[in-house]
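Small disclaimer: the values here were computed from a predicted structure and weren't measured.
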Amino acid sequence: MGNKNKTISFRVNEEAFEALQEIAEERDISLSAVFRDYVDMLVEHDGQVAVVSEDELEAADEDETSFPPTVEVPKSFLREHERLELETEHLREQLEEHKAYVTDLRDRLEDEQDEIILLDDLDEDEPYQLG
């Protein structure tokens, strides 16, 4: 299955249509190419795209604002985030150990269905640490 192009159609008012035509003429491309470029940029930047005129862009540069907007995050937030990531990693490791222990118990139970397994005997084999 190849990469198939799809058609999208929608309506705009006459004023917006004329503005889009002017953009296409300025860039010396078709109106369809304007939309394809916009959609490609929208997909590439995960929806974080704004269409502005060059005048607005220059004015925005003078105001030192940027798109997408940026936010300063306190160091305490970053440290807490890192701590939570480490804790998550530790909990995942514990979960894997627990799964291995349960799997081992199930295997033993299947192998020794008629035998009695004493909890004291479990401690003598491979040591497992939980929690």
Residue Asp46 excluded, over 12 heavy atoms near CG under 6.0 Å:
no
Tell me, with the steps shown, if Ile29 and Asp37 meet side chain to side chain contact (heavy atoms under 4.5 Å, CB included).
CA-CA 10 Å; Ile29 58 175; Asp37 290 349; 3.9 Å; yes
Quick one, Glu96 and Glu93 - any side-chain contact, counting heavy atoms below 4.5 Å?
no
If I take atom CG from residue Leu95 and atom OG1 from residue Thr88, how far apart are they, to the nearest 0.5 angstrom?
12.0 Å
Return the CE to CD distance between Met41 and Glu44, rounded to the nearest 0.5 Å.
8.5 Å
Does the side chain of His81 come under 3.5 Å of the side chain of Glu85 through a donor N or O and an acceptor N or O?
yes
If you count heavy atoms of other groups shown closer than 6.0 angstrom to CZ of Arg83, is the number above 12?
yes
CD-CZ distance between Glu82 and Phe77, expressed to the nearest 0.5 angstrom
11.0 Å
For Arg108 and Asp104, run salt bridge (charged side-chain N to carboxylate O under 4.0 Å, His left out): C-alpha distance rounded to whole Å, both residues' side-chain angles, the deciding distance at 0.1 Å, then the answer.
CA-CA 6 Å; Arg108 286 186 191 184; Asp104 184 52; 3.4 Å; yes
Using 0.5 Å steps for rounding, measure from the OG1 atom of Thr103 to the NE2 atom of His98.
9.0 Å
Would you say Phe17 ends up clustered with Phe35 if hydrophobic residues are merged whenever their side chains have heavy atoms under 4.5 Å apart, either directly or through other cluster members?
yes
Contacts of type side-chain hydrogen bond (donor to acceptor under 3.5 Å, both in side chains), residue Glu18, not counting sequence neighbours
none
Rounded distance (nearest 0.5 Å) linking atom CD of Glu15 with atom CG of Leu20
11.0 Å
Value for NZ (Lys99) from CD (Gln94), rounded to nearest 0.5 Å, stands at 13.5 Å
Is it true that Arg92 and Glu89 have a side-chain N and a carboxylate O under 4.0 angstrom from each other?
no
